[in-house]
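Each remark here refers to the structure printed beneath this line.
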There are 2 protein chains.
Amino acid sequence: MRPGAGEDEMNAEDPAPQRADGTVGKALEVLDMVADFERPVRFSELLAAERFPKATLFRLLQTLTSQGMLSYDPDRQSYAPGMRLVRLAHSAWRQSSLAPIARPHVDRLAAQVGETVHLAQLDNGQVLYVDKRNARQPVEMFSQAGKIGPAHCTGVGKAMLAFLEPGPLEDALARQSFHRFTDHTLTSAKALKADLARIRARGYAFDDEEHEPGIICLAAPILTRAGRVLGALSVTSTTERMNIPALEALAPGILQTAAAIAADAESWRFPEQDKRGGR
Amino acid sequence: MRPGAGEDEMNAEDPAPQRADGTVGKALEVLDMVADFERPVRFSELLAAERFPKATLFRLLQTLTSQGMLSYDPDRQSYAPGMRLVRLAHSAWRQSSLAPIARPHVDRLAAQVGETVHLAQLDNGQVLYVDKRNARQPVEMFSQAGKIGPAHCTGVGKAMLAFLEPGPLEDALARQSFHRFTDHTLTSAKALKADLARIRARGYAFDDEEHEPGIICLAAPILTRAGRVLGALSVTSTTERMNIPALEALAPGILQTAAAIAADAESWRFPEQDKRGGR
DNA sequence: AAACCGAGTTTCATTTATTGGAACCAACCA
DNA sequence: TGGTTGGTTCCAATAAATGAAACTCGGTTT
């Protein structure tokens, strides 16, 4: 089994979502659980929320804490994601995300259109924002990079879904909540697929107030020459300032930027540096 | 053994640095190793760099990859930190770091002094930058937040070390490389301790070109009322634009900001929200 | 004050996953 | 063709994870 390969021919009917490779998988599941709470969480809350037996959960938490992946506040007796994650994520962001490569292009586009620009990637069927240029105020750091969002009702999400292979697409669709955020939200796989077909034909996606009322956006996928989805790029505005046709006028610039990012990403090779960071 | 507690009375002579709780520890060690390379890394490179036997390392990598903690590029046959880390770090940054609480204060200070401002915390004896305000251009995202640096030769590092308890201090000192970056770098624990005493007396630290030539900074610790080190705050400039006395003139503002952050951090309690993110 | 409680922690025999030496496979040289 | 490197798989030995139950410790209740 090659790690990266996207197994097409897995049994289509595995009962449990077949997570958890051994102990490490469980530990990471706990880690996710703590992170999902978005606030310090107590042992008993985790215990209630999870299938692990007391003692097991306890040891898992201990291990993660002693490893710095979680931090424990003895006063409040609560766990929170630890700073080691931030350190690790720094590396991840720098070398696995599109952000460093795309930065100059995103900067240019943002300056050009004067609206908010998002750069996103697909992570487990969810949209993961990896960079953002806010028209005015300085970038909100992590509060945006690292944030996840739904794919079924965002421009970047749909732009990426539209160009997925059938296998990964089904997988991603299965992970959508299809939660209705607004009147315009597409709330079924069928409706979404119809839109995806249009997006594929058109080359870019709209979000016409599907996620938040008053917020519209145009998004283009970032694709390798071979057609693999790398990410997506979007320009967001409000119905007050703009409308869909006005956004569409920006499409050429956005598509061009997306293409430029794709080209850079593909030609990118890591310099064969041999120096190690000064630890 | 309470997870968070800083065991004072552990046998002072454990031979190996006693890492690795079980499998999870090993997996995380591999993760760190991959991250430390700061570039995609091949199986054999990791194998050479590490004590794990081939098969073990292989399985560890498989597990981490299938969990999304690493990404694997089949073409180049190389591993890199995965996007799941970015997602997790987002949570960590938001709730475990000082950054969200400190933001308004950091903003204000940055506007006031017109120089680069850093917010840092101590992570395993290293300085971990959690936020940054760049005098001019928009914030460099992760490229700064999540970055680690040496503690022995940076303003924020020394400001934090100076107010550590003897136990944690010794631990942190033992982790310093004491690498000489410039002529001014303090390269021994003895010299550093002398400086820490001055810092403790003075209330703030200088970095007088100890890390980079031409770069000077003034840093203040962020302390709880009880005296526990939460982090540090610094204003950085260049010898071209400023000098040490000029920086010292900014000290009151920096100290005041640090105090304000500490006060906010201490009064901060997480709102007892019960809603969960819309997964 | 004694009994009770519930959250958190530890123990220990049982079960299970991890381990790693060795064999294997597939390219790529020479 | 035969050697070599780089990566993957096997499987019996082993070490680690497991989880039911017992325990501890503050704070309640009766």
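Per chain, numbering begins at 1; letters A, B, ... match sequence-line order.
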**Item:** side-chain contact (heavy atoms from CB on, under 4.5 Å) against B/Glu45, all qualifying residues, sequence neighbours excluded
**Value:** B/Phe37, B/Arg39, B/Val41, B/Arg42
**Prompt:** Does a side-chain N or O from A/Gln77 land closer than 4.0 Å to OP1 or OP2 of C/dG8, or not?
**Reply:** yes
**Asked** In whole angstroms, how far is the C1' atom of C/dA7 from the OH atom of A/Tyr72?
**Response** 10 Å
**Prompt:** Could you give the angle between the helix axes at the two ends of the helix from C/dA1-D/dT30 to C/dA30-D/dT1, with five pairs per end, rounded to 10 degrees?
**Reply:** 20°
**Asked** What is the distance, rounded to the nearest whole Å, between atom CZ of B/Phe43 and atom C1' of D/dT5?
**Response** 13 Å
**Item:** Spacing of A/Phe58 atom CZ relative to D/dA20 atom P, expressed in whole Å
**Value:** 17 Å
**Fill in**
When rounded to whole Å, the CZ to P distance for the pair A/Arg42 and C/dG8 reads 5 Å
**Complete:** Rounded to whole Å, the CG-C1' distance (B/Leu57 to D/dT8) equals 12 Å
**Asked** Checking B/Gln176 side chain against B/Ala172 main chain: does a donor-acceptor pair fall under 3.5 Å?
**Response** yes
**Prompt:** How does each nucleotide of nucleotides 18-27 of chain C score, in 5' to 3' order, for protein heavy atoms under 4.0 Å: base (B), sugar-phosphate only (S), or none (-)?
**Reply:** SBBB------
**Prompt:** So among A/Leu169, A/Leu230, A/Leu223, which one has a side chain to side chain contact (heavy atoms under 4.5 Å, CB included) with A/Phe163?
**Reply:** A/Leu223
**Message:** Going by side chain to side chain contact (heavy atoms under 4.5 Å, CB included), B/Leu119 matches just one of B/Asp131, B/Leu128, B/Ile101, B/Val156. Which one?
**Reply:** B/Asp131
**Message:** Rounded to whole Å, how long is the line connecting atom CD of B/Gln62 with atom P of D/dC10?
**Reply:** 11 Å
**Message:** According to side-chain contact (heavy atoms from CB on, under 4.5 Å), who are the partners of B/Leu122, at least two apart in sequence or on a separate chain?
**Reply:** B/Met160, B/Leu161, B/Leu164
**Complete:** Applying salt bridge (charged side-chain N to carboxylate O under 4.0 Å, His left out) to A/Arg175 and not counting sequence neighbours gives A/Asp171
**Partner residues of B/His152 under the side chain to side chain donor-acceptor pair (under 3.5 Å) criterion, sequence neighbours left out** = none
**Prompt:** Separation of B/Leu46 atom CG from D/dG7 atom C1', in whole Å?
**Reply:** 13 Å
**Prompt:** What is the ring orientation for A/Tyr129 with A/His118, classed by angle as parallel under 30°, tilted 30 to 60°, or perpendicular over 60°?
**Reply:** tilted
**Request:** State, yes or no, whether a side-chain contact exists between B/Leu85 and B/Leu31 at a heavy-atom distance under 4.5 Å.
**Result:** yes
